[in-house]
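These numbers were taken from a predicted model, which means no experiment stands behind them. So that the names make sense, note that chain A is the first sequence line, chain B the second, and so on, each numbered from 1.
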Amino acid sequence: MKLYLALILLLPLLGGTINAIVGRKLPRRLTETLACGMVWGAFVCALLAFAAYRGPETVELASWLAAFDFRAPITLYLDSLSLVMVLMITFVCGLIHLYAVGYMADDPSYARFFALLNLFVFAMLVLVLAENLPLLYLGWEGVGFCSYALIGFWYREEKNATAGRKAFIVTRIGDTAFGIAIVWCFQLFQTVSISQINQMGFLMPVGVVTALGLLFLAGAMGKSAQLPLTVWLPDAMAGPTPVSALIHAATMVTAGVYLLARMFPLIGTSATVQAAIALTGGLTAFYAATCALAQRDLKRVLAYSTISQIGYMVLGVGCGAITAATFHLLVHAFFKALLFLGAGCVITALHHEQDIFRMGGLRTTLPRTFWPFLAGAICLAGIPLTGGFFSKDAILLAVWEKGGGLYGGLYLLGLLTALLTSIYTFRMVYLVFGGEGAHPHTLPRVMEWMLVPLALLGLFGGILNLPEYLGKGWLGEFLATAGVKVSHGEELVLQGIAALVALTGLSLARYRYGGARRAERLVEAEAEPTGVTAFLLNGWYLDNLYRILFIRPYEALSRFLWTRVDEGVIDDSLDRLADGLGRTGQGLGSWTNGRVSLYITSFAAGLALILGWLAWVVW
Amino acid sequence: MIVPLVHVLILAAVLFALGLVCVLVWRSNVIMLLIGIEIMLNAAMLAFVGGAGHWGMADGQVFALMIMAMTSAEVSLALALVVYLHRRKKTVNVDEFNEMKG
Amino acid sequence: MTVADLWTIMPLLLIACGSVLVLLLGAVVPGRYLTGVAVATCLGAALWALQVPAVAALPQLGVALTPLARLFTVVFALAASVTLLLSHDFNERRGIRGEEYPATILFALFGMSVLAAASTLLTLFLGLEALTFAFYILVAMDKGSDRGAEAGLKYLLLGAISAAFIAFGIALIYAATGTLEIVPAMAGAARGIAGVPLALAGWGLILAGAAFKMSLVPAHLWTPDVYQGGPPPVVAFLSTGSKGAAVLFLITLLRPAGLIPALHGPLWWLALLSMTVGNLAALRQQSIKRLLAYSSIAQMGYVTLALLTGSREGYGAAAFYVVLYTAMNLVAFGAVASLSGRDDLETIEEYRGLGYGRPFTAGVLALALFALAGIPPTGGFMGKFFIFAAALRGGEPLLAVLGILTAVVSVYFYLRVVVNLYLHSVTAEITANRPTSVEIVPLVVASLVIMLLGIYPGPLMAIIEAALF
Amino acid sequence: MEATLFYILAAVAVIATLFAITEKHAVHAIVYLVTSFFALAVVFYLLGAPLVAVFEVIIYAGAIMVLFLFVIMMLDLGHPEKAARPGMGDWWPALVLGAVIAGAVVVLAASRPAAMTAGVSVIGVREFGRALFQKYGIAVEIISMQLLFALVGAFYLGRRRPSPPAPLPEGEGGRRPGEGGAAREEETV
């Protein structure tokens, strides 16, 4: 087991290092093979570890940090949660690597790209497998760094570099809270081992656990783009599409969920923290879904949908439903990777067009992309019997089970979000693939092939953890967490409601964007926002009634949330804070006015203050 | 010891403060500024000599001598720099050397 | 003084003889060969310090190669040799010639090693003054620029004042305790519940003087000007060796008796002000050298935070950070020096696109900046981690949290430079200098140290731990 | 008797220093300062440090002050009417800071005075010399290095720039007879 675990970590690291150092000198094929081979090798090791898995295991690889009575060796911890994560990460990342071979075919800086991609996988694996908090933090920051490098360094334009920096700095806010939590944990428990800390939670007063939990939550907010630290993620679309897939589906953003799940035995003992987590997740899910409704950029729609889905997972964790959250995490990893990769295909085929209102007709011209993409879309929308349906439902079920005012409200919010999800998903599908459009150019085969396994996994991911009335939930048993106990009837009713909601969303979207209406929407989209009123005069009363009653408030709300809250308040307050700090700094800088006399006076004033203080203390 | 140590130290403190005042006031003349530093160092020497007398050990006196030697090195370099800068800027006002700021 | 004594202080003698030798050789040998002699001296001293067994303080000598002194002699000697190598080609480009330069670098190193090994207040003071004195000369060494002389004057005036402060402070401590041996003197100063008042006054003066040497707010104002005006290789050494020596100065004085309670307040404010003022003032700084100057003010604030705890752990974190900081700033200023040709690359805009035009130099510069920002897996993260951990455990949660917050703010300006390095340059032609092989070697070595300390800090920490015992 | 002399000399030193720092004419200031240093030298003698007293006269009042005078004359600064004088705005902060510092040190020094040690003898030259060259032999070496480098630095700065930064024909920075006149005096130590 030790060998497997070491190899899982070392292979991507090795690939990344080799490519970083000599990648540019190697032939292109070799670089690509190396990068992909290392990740798939890690996947094979993960499979072997899975085969050999008998129970939670701690493996110490080397001593790493030791200062005075502080010890943090490189210790890996493999339990069912981390094992499942490792399998998912290596598999999805392996597919993304292969896809990237096709996507990056024309790019000269492929060596750096693959090196960073491999390092990214390595950092994520460290994060997942770490047994102690400093090691986890190392992976945590490594993921942040690689994402910064991948988002920002790519297109060499100021806009994208700024996006990378924004991602880095916003997530850094959360990281800081997390860092404080780590040091505080050490101070409280005299150890940084996660399993030990988790066992000692009951020793601490609830207030302390609550504070710790909130700090961890803040860390997760940053990395998983939860409210109010969501702003970096949509901008992070500046990177190349495989990176988006990597960040959004398999790795970075799920880190926050993983952290909360990992620390749940500790922080879950505080009801306040649970409620805060659930609330954060629920609100984020709803907020991002409304935002997604008004987007025009294909990748931004997907970005907001990621935020929304991560919100679901956080909501699940907040209800104590670790299994459900993990389940959704896995299924989401499959279908979101699928959607991003599919979007990458679409965008490449359309010469880097990202506006969904300028697309169309791809159903016939790009069928090998369309069908997998559709599979991903129905998973995302939660159409019955897909993997997404079961996993999302498991979370909603858990929320429902919690009962009470808060969780009842969150359940309704979750349902509403599911409706919105369904609407924006099919809006996207209809706009992108429906209607007529120009002929796209052909894609590298490898890109489209990668979609197929993901589509299958997404569609049939439900088998991983079937509801009880259909048989045993494998994942629930494997993770060995207390599942939610409900009667079959209740479960069926709830699933029926969820199915109904999803189908309603589908039909609403079809009504507005399907068939002939699609063209109208396109015309509408051409006009300026004020053109909407002009369109009113043309007499589509029914549609307008519907607009006024239903869609318009939502569009207004979502536009409001997106432009005002997201870009206005949250972005703006950060900007204003930065600006204020900058000004203060400038003021402090002008203290150094170049005149020695002031320097001496300031120096002497310092001395006078120190001596004055000492005299005052002694006197 | 002919007087209490405290009295010596008070004298030293007063001289030290006078030297500092001189440094703070004479921004227009770097020579006077350096003189102020000399006064401060003399105060330090006085404190050392007083301490040496109080404790009956020669260490303080050695330190005082070392300060003297160090000062002469520092002064010679400072004056060389002043001459060097004066050759370029024709001024001894330290505040006029403010090319760098911010 | 016996032969055995001589043997233990051999590193000091080597450096002193080396610097005089360089001066003498300057008369007969062309200047460019002298760098080799000087580097050989540094490395020789470092090797000797490594192989000599550490000894306890020898009362009759005033210096002793304690474990801590050995460690720092090696660090300073390596820093000096890196500086010498970095300045070799730089000085050619700038027309700084003659034997004075390498000799003075060696003299500065001499001062640092004396300070590291000092066992009496007199040798400690003289070591500190000797190294500061060497930097007065070095900063003004570039006679081609007006700024160099201006920076030299500013540094000298403030340095002389701080020398007066420290001298007076030591005088008061001597008057209060009657000895110049560091351990009994500092222990005597801390006698009683709150220390001897007279010695406390001495401590206050020393603290103010040390604040200047470490460039802590409000005695920091010289730093940006001197960093901007001095030749970059000299600034690399000034910001590392002399800062490190100043920290070591404080550690040496604090260790025998711990922190006197009354001093906690002043140190607290020094740390807080340095962290905030340094990081905030750097936010909008356009000149990279001034930016690094403000950054070094902030970094010294973190070190003060560690010292403030008065615990062995805090001193250990501070010593670790000093070693690390030496590597980081040597790389940062070394890269600036290597990129500068006839004139310095001044504003951040001038660094635009260098990531593509000068990949090596820009790469190490980016690495150093990441490390300064404290981003794992560079050493900067480890250093900050140890400091904040020590501060939290030493009972300084408020200051630690404030420090972490300022560290977050600091990420912004470090990344601003990195982003500029990797932006497409508007002007296609890159005027920055190409790194020469003499510059590449020390930069690579120092960069490796940064990475190594980030990934595997254990051994160094163990050495420091043992040395502080 | 000796105590009275001490207080008288202390007053002389303080008053002379006061005159020195308020004097607008630099040369006059130096003269006042020399007076102050003479008084201090006698104080040193009274405090049992004859050797330091002698050095104070020779080095401070003699060499260093002469060095100052030398530079003042060299730079032709002997015209007080041309020089800017510090105004009231300069004096107030300086006086406040000085008063705070002096006051604080005095408060701290006087708050718990150290006990008088009885009957301390004058430290003789022999004892002083032994301390200097045996106990602090290393310190003498350090200071000698520093003096050497004072010479080097002053020499370097005083030397006219050899040539603009272009490859030198002879390969080595021309070592001309430097006119670093300011640097000569420390050989008296």
Side-chain angles (χ1 to χ4, degrees), chain A residues 148 152-153 156-170 172-173 176 571-619, chain B residues 5-7 9-44 46-47 67 71 74-75 77-86 88-102:
Chain A
Y148 164 69
F153 281 16
R156 305 182 182 183
E157 283 166 21
E158 183 133 25
K159 178 174 81 78
N160 299 339
T162 316
R165 195 166 49 169
K166 185 171 173 184
F168 197 74
I169 289 173
V170 173
R172 189 110 192 132
I173 297 173
T176 306
D571 248 16
D572 212 43
S573 58
L574 283 177
D575 283 351
R576 223 169 284 163
L577 178 70
D579 199 49
L581 287 178
R583 269 164 211 279
T584 322
Q586 245 170 355
L588 290 170
S590 60
W591 189 355
T592 319
N593 69 349
R595 291 164 183 268
V596 184
S597 59
L598 180 71
Y599 297 4
I600 297 175
T601 311
S602 157
F603 187 18
L607 174 67
L609 283 174
I610 293 176
L611 283 178
W613 156 264
L614 290 175
W616 189 68
V617 166
V618 169
W619 205 1
Chain B
L5 177 61
V6 177
H7 293 192
L9 292 179
I10 290 174
L11 175 59
V14 170
L15 283 179
F16 185 81
L18 283 178
L20 189 63
V21 169
C22 179
V23 167
L24 291 174
V25 161
W26 281 99
R27 63 172 79 171
S28 58
N29 189 343
V30 67
I31 303 278
M32 286 302 282
L33 213 153
L34 287 170
I35 285 175
I37 296 172
E38 294 308 307
I39 298 172
M40 285 158 76
L41 283 165
N42 260 280
L46 178 61
I67 290 180
T71 315
E74 225 153 59
V75 163
L77 186 67
L79 289 177
L81 204 55
V82 168
V83 172
Y84 175 70
L85 278 169
H86 188 266
R88 296 184 162 215
K89 271 208 153 176
K90 301 284 170 235
T91 179
V92 288
N93 186 342
V94 286
D95 280 353
E96 287 184 24
F97 301 109
N98 60 353
E99 202 182 311
M100 297 171 290
K101 62 183 93 172

Step by step, work out the side-chain contact (heavy atoms from CB on, under 4.5 Å) result for B:Arg27 and A:Val596. CA-CA 8 Å; B:Arg27 63 172 79 171; A:Val596 184; over 6 Å; no

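Under the side-chain contact (heavy atoms from CB on, under 4.5 Å) criterion, B:Ala47 pairs with B:Leu9, B:Ala12, C:Phe168, C:Ala171, sequence neighbours left out. Taking the side-chain contact (heavy atoms from CB on, under 4.5 Å) definition, one finds that B:Ile10 meets it with B:Val6, B:Val14, D:Val106, sequence neighbours left out.
Contacts between residues 30-42 of chain B and chain A, defined by a heavy-atom separation under 4.5 Å, are made by B:Leu33.
Closest of all the heavy-atom pairs between B:Phe16 and B:Ala43 is N-CB, 3.5 Å.
Pairs engaging residues 603-619 of chain A under the salt bridge (Lys or Arg N to Asp or Glu O under 4.0 Å) rule: none recorded [sequence neighbours left out].
Side chain of B:Asp95 to main chain of A:Ser597: a donor-acceptor pair is present (N/O by atom type, distance under 3.5 Å, no hydrogens or angles).
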